[in-house]
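Below: the structure, in structure tokens.
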Amino acid sequence: MGKAVDNQEERQTEGVGRPGRPEPDPGIVTTRIRARFGDTSVSTGNAVGCESVIAERDALLPFMTFLRDDPELAFDYLVDVTAVDRLRLDEEVRFAVVYQLYSHKHNRRFSVSVPVPEADPRIGSVVSVWPGANWLEREVYDMYGIVFEGHPDLRRILMPDDFGSYPLRKDYPLHGKGERDNFVF
Amino acid sequence: MTTKVDAVVGWARKNSLWPMPFGTACCAIELMATLASRFDLARFGAEAIRFSPRQSDLLIVSGRVSIKMMPVLKKIYDQMPEPKWVISMGACASSGGVFNTYTLVQGVDQYIPVDVYIPGCPPRPENVIQALMKIQEKVAQAKAN
Ligand code: SF4
């Protein structure tokens with residue numbers, strides 16, 4: 001029993017690299033990012049066995065381009081873009097857009113999380129860095145209403161074009177707001 | 001005399017149904033099994049499944065229909081020439097099934113007329129065959145024109 005609690009504490013301190021929490025030993029990706037952007041620009045962690053970073057949305061594009069082009073990192077493959085709605089969780093900023101990256105060259109995974117406030121749900125599009133982001137960002141836009149600035153074709157991808165809500169937001173009811181009974185065709 | 005004509009036409013129709021499958025989910029897999037050799041829908045003259053509403057007289061809705069898909073289904077139904085019949089296969093097509101969610105039509109019969117409902121998730125091929133036989137009864141009784 002006591003051991004389990006210990007483990008949990010360990011996981012929390014080791015795990016999520018939030019500001020104010022002790023950080024784990026920096027891995028190679030973290031070290032590389034620090035060398036390029038300085039110590040303060042990012043906070044890193046090692047949550048699920050791969051390194052991760054919480055990045056600022058303002059300087060996202062240069063940051064992502066660096067991750068792709070740096071020969072030591074070479075994250076040439078954008079595996080997924082998704083978002084987290086942290087409504088009613090103990091977080092200052094409601095949304096986080098999460099990018100999962102993979103480097104074929106180094107067989108290494110990396111995860112970038114970018115907080116996006118509810119009042120201003122905008123973030124730069126990374127389509128210019130990884131063209132595969134196109135549909136992934138459309139899906140995040142469709143489900144969470146986060147606008148990807150600079151996206152070449154930001155339309156809904158799953159829901160009908162005239163759908164008024166963003167259904168994966170946590171304050172959207174499971175049964176919808178009557179869309180399934182009141183749609184026109 | 002007209003009853004005789006009706007009977008002959010009905011007999012011909014019921015033994016040569018041309019289903020239009022509208023398979024949008026897992027139920028469609030059972031529908032395929034129904035068509036294949038073990039269950040062999042050809043025994044009922046309904047094996048000529050074509051994705052061609054203009055040549056079909058039996059619409060089999062097998063699977064979930066979302067609010068984005070419903071206009072497509074409606075259009076396919078409208079394209080089918082009269083007379084036409086509809087089977088709603090499985091819980092999802094008939095009532096939304098377990099998917100009581102924001103995007104799923106809670107029963108296609110809200111938008112198109114359904115003749116036979118098949119319960120189950122998914123219904124076994126035997127259920128599909130029984131539904132087809134029910135449709136055949138209905139077809140046999142229909143007026144020739
Ligand atoms: S009724 Fe069951 S088997 Fe059929 S489409 Fe729905 S979930 Fe799939």
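Throughout, protein chains are lettered first and strands after them, A, B, ... in sequence-line order, and every chain is numbered starting at 1.
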### Message
Within this structure, what is the CD-OH distance for the pair A/Glu179 and B/Tyr102, rounded to the nearest 0.5 Å?
### Response
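Atom-to-atom, A/Glu179:CD and B/Tyr102:OH are 9.5 Å apart.
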
Same cluster or not: [X] versus [Y], using hydrophobic residues (I, L, V, M, F, W, Y) connected whenever any side-chain heavy atoms lie under 4.5 Å apart?
X        : Y        : value
B/Leu104 : B/Val108 : no
B/Met80  : B/Val116 : no
B/Ile76  : B/Met70  : yes
A/Phe66  : A/Met64  : yes
A/Val114 : A/Val53  : yes

### Task
Could you tell me which non-hydrogen atom of A/Leu174 sits nearest to which non-hydrogen atom of B/Asn100, and how far apart they are?
CG-O, 4.1 Å

### Message
Just checking B/Lys68: does its NZ atom have more than 12 heavy atoms from other residues, nucleotides or ligands closer to it than 6.0 angstrom?
### Response
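Counting neighbours around NZ of B/Lys68, more than 12 heavy atoms of other residues, nucleotides or ligands fall under 6.0 Å, so yes.
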
### Task
Mark yes when over 12 heavy atoms from residues, nucleotides or ligands other than B/Arg54 sit less than 6.0 Å from its CZ; otherwise mark no.
no

### Query
In residues 132-161 of chain A, which residues are in contact with chain B at a heavy-atom separation under 4.5 Å?
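Answer by number: A/Met143, A/Ile157, A/Leu158, A/Met159, A/Pro160.
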
### Message
Checking the side chain of A/Arg180 only, and the main-chain atoms of B/Ile67 only, is there a donor and an acceptor separated by less than 3.5 Å?
### Response
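No: the side chain of A/Arg180 does not pair with the backbone of B/Ile67.
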
### Message
Would B/Thr101 and A/His175 count as a side-chain contact (heavy atoms from CB on, under 4.5 Å) here? Give the steps.
### Response
CA-CA 5 Å; B/Thr101 61; A/His175 297 174; 5.9 Å; no

